[in-house]
Amino acid sequence: MRIRPLLIPLATAAAAVGSLAFTPSATSTSPHLNPVAANNGFVPGSAAAAAAPGGSFDLSVWELQEPVGSPGSPTTIPSSRLEGANGFQDAYFYSDSRDGAMTFWAPEKGVTTPNSNYARSELREMNRDGSAANWPLGGTHRLDATLRVVSVTSTVCVGQIHLGTGGSSTKPLLELYYRSNGDIVLGTENSPSGGQTLHTVGKVAVGKTWSYTIGVSSGHTIDLTVDGSTTHHAIPSSFNSYRQYFKAGSYNQSSSSSTTKGARVAFYKLSVSHG
């Protein structure tokens, strides 16, 4: 099995020896917001800007999409610009100055893709050579994350398996949602043509830390684990011709004219593996 390294904040590396990743207290309800909230938690040149997420996380296998740019064409930041402590960060993607979390901010008003009405600050899986990840359903594929939804207006998607090449559909195979009432909901697509079935798979209060694993095994089963509880969901055969890729971050599921309402999501661990 080829495993891509876990993303571990460097500042906590000494404390993380023998463990897989830094995780803040699961009982903490403090939002740990960057104190510079007036500019979505980030001001260039401030302490919050001292180290970009790429200084603590391996971003060599991700591309970032942000809710800015021209209509229908959001700005994307390649992995080459994300890597390193001096890598890219701004008000939509930054390291939280208090706990080192890789933080994504997606307001209700922002530039969207042509196939969505919702703005996002989200990572898209890439290969290490800079090409777009595009893997077949066969085999075993995993996306592991530890995260905290800091704030959300209604619903935010925090993880996806999205369709790649193999047909004309631009749908996801699945989306993992977090709702403002604390419900964690898996949406599985009924077919490449559309239609989604929702499954409530957990409940965590806003501001609390939790973990998920999104997996595909043997090409026909989705294996989802949320805080240690696993459910299995069949993949319809209509998806067999499609290749796939992972996405993770803050894909807000509500829109308005507000640039201050939205979804802020903090990640403490993010890794992918294929085998």
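For the pair Arg148 and Asp96, the salt-bridge criterion is not met [side-chain N within less than 4.0 Å of a carboxylate O]. A salt bridge does not link Lys261 with Glu108: every distance from a Lys NZ or Arg NE/NH1/NH2 to an Asp or Glu carboxylate oxygen is 4.0 Å or more.
Val149 and Tyr177 fall into different hydrophobic clusters, where Ile, Leu, Val, Met, Phe, Trp and Tyr are joined by side-chain heavy atoms under 4.5 Å apart, directly or via other members. No continuous path of ILVMFWY side-chain contacts below 4.5 Å connects Val185 to Val265, so the two sit in separate hydrophobic clusters.
The CD atom of Gln244 sits 5.0 Å away from the CG atom of Leu173 when rounded to the nearest 0.5 Å. If you take CD on Gln253 and OG on Ser154, they are separated by 8.5 Å, rounding to the nearest 0.5 Å. Atom CZ of Phe57 and atom OG of Ser271 lie 11.5 Å apart (nearest 0.5 Å). Atoms CZ and CD, on Arg124 and Glu63 in that order, are 7.0 Å from each other to the nearest 0.5 Å. A distance of 7.0 Å separates CG of Leu82 from CD1 of Ile77, quoted to the nearest 0.5 Å. Between atom CG of residue Leu186 and atom CG of residue Leu198 there is a gap of 8.5 Å, rounded to the nearest 0.5 Å.
Counted by atom type alone, Thr146 and Ser211 present one or more donor-acceptor pairs between their side chains at under 3.5 Å. With hydrogens and angles left out, the side-chain atoms of His233 and Thr231 include a donor and acceptor closer than 3.5 Å. A donor and an acceptor atom, one from each side chain of Thr230 and Thr225, are located under 3.5 Å apart. Side chain to side chain, Thr165 and Arg243 fail the donor-acceptor criterion of an N or O pair below 3.5 Å. One side chain, Ser60 or Asp58, offers a donor N or O that lies under 3.5 Å from an acceptor on the other. No hydrogens or angles considered: a donor-acceptor pair under 3.5 Å links the side chains of Thr260 and Ser258.
Judged as a salt bridge (charged side-chain N to carboxylate O under 4.0 Å, His left out), not a single pair has a partner in residues 149-167 (not counting sequence neighbours). Evaluation of the salt bridge (charged side-chain N to carboxylate O under 4.0 Å, His left out) test over residues 161-180, restricted to residues two or more places apart or in two chains, returns none. Each salt bridge (charged side-chain N to carboxylate O under 4.0 Å, His left out) pair with one or both residues in residues 67-84, not counting sequence neighbours, would appear here, but there are none. The stretch residues 64-74 participates, sequence neighbours left out, in these side-chain hydrogen bond (donor to acceptor under 3.5 Å, both in side chains) pairs: Gln65-Arg120. Counting only residues at least two apart or in different chains, salt bridge (charged side-chain N to carboxylate O under 4.0 Å, His left out) contacts with residues 217-230 are absent.
When all heavy atoms of Ala263 and Ser250 are compared, the closest pair comes out as O-OG, 2.9 Å. Listed here is the closest heavy atom pair of Met102 and Pro53: CG-CB, 3.9 Å.
You'll find the side chain of Asn252 reaches within 4.5 Å of the side chain of Ser254, heavy atoms only. Looking at Tyr212 and Leu143, their side chains come closer than 4.5 Å, going by heavy atoms from C-beta outward. Using a 4.5 Å heavy-atom cutoff, the side chains of Ser131 and Met126 are not in contact. In this structure, Leu137 and Ile235 have side chains that are in contact, with non-hydrogen atoms separated by less than 4.5 Å. Contact of the His274 side chain with the Thr140 side chain is not registered, since no non-hydrogen atoms from C-beta on lie closer than 4.5 Å. You'll find the side chain of Tyr92 reaches within 4.5 Å of the side chain of Pro107, heavy atoms only. Under the 4.5 Å side-chain criterion, counting only non-hydrogen atoms from C-beta, Trp135 is in contact with Ile161. Contact annotation: the side chain of Leu224 approaches that of Leu176 to within less than 4.5 Å [non-hydrogen atoms, C-beta and beyond].
For Phe267 and Phe104, the distance between ring centers is under 6.0 angstrom. A centroid separation of 6.0 Å or more is found between the aromatic rings of Tyr268 and Trp210.
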Assess whether side-chain hydrogen bond (donor to acceptor under 3.5 Å, both in side chains) is satisfied between His199 and Thr188, documenting all intermediate values. CA-CA 8 Å; His199 319 264; Thr188 55; 2.9 Å; yes

Under the side chain to side chain contact (heavy atoms under 4.5 Å, CB included) criterion, do Ser255 and Lys109 qualify, and how do the steps go? CA-CA 6 Å; Ser255 63; Lys109 180 181 180 180; over 6 Å; no

Test Leu174 against Ile214 for side chain to side chain contact (heavy atoms under 4.5 Å, CB included), laying out the working first. CA-CA 9 Å; Leu174 66 84; Ile214 297 172; 3.9 Å; yes

Could you walk me through whether Leu64 and Ser121 pass the side chain to side chain contact (heavy atoms under 4.5 Å, CB included) check? CA-CA 7 Å; Leu64 175 68; Ser121 175; 4.1 Å; yes

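For Asn117, there are no side-chain hydrogen bond (donor to acceptor under 3.5 Å, both in side chains) partners, not counting sequence neighbours. With sequence neighbours left out, His220 forms a ring-ring contact (aromatic ring centres under 6.0 Å, His included) with no residue at all. Every residue two or more places apart in sequence or in another chain was checked for a ring-ring contact (aromatic ring centres under 6.0 Å, His included) with Tyr251, and none qualifies. Partners of Tyr245 under the ring-ring contact (aromatic ring centres under 6.0 Å, His included) rule, at least two apart in sequence or in another chain, are His162. Remark: Asp183 engages Lys203 in a salt bridge (charged side-chain N to carboxylate O under 4.0 Å, His left out) (not counting sequence neighbours). Under the side-chain contact (heavy atoms from CB on, under 4.5 Å) criterion, Pro236 pairs with Ser238, Phe239, sequence neighbours left out.
Taking the six-membered ring for Trp and thresholds of 30 and 60 degrees, Phe88 and Phe93 have nearly parallel ring planes, at less than 30 degrees apart.
A donor-acceptor distance shorter than 3.5 angstrom exists from the side chain of Glu125 to the backbone of Phe246, with no hydrogens or angles considered. Between the side chain of Thr103 and the backbone N or O of Ala266 there is no donor-acceptor pair closer than 3.5 Å. A side-chain donor-acceptor contact under 3.5 Å links Ser95 to the backbone of Ala51.
Within the hydrophobic cluster formed by Ile, Leu, Val, Met, Phe, Trp and Tyr side chains joined at under 4.5 Å, directly or through other members, Val111 stands alone, with no partner residue.
For Arg264 and Trp105, the positive end sits near the middle of the six-membered ring, less than 6.0 Å away and at most 45° from its axis.
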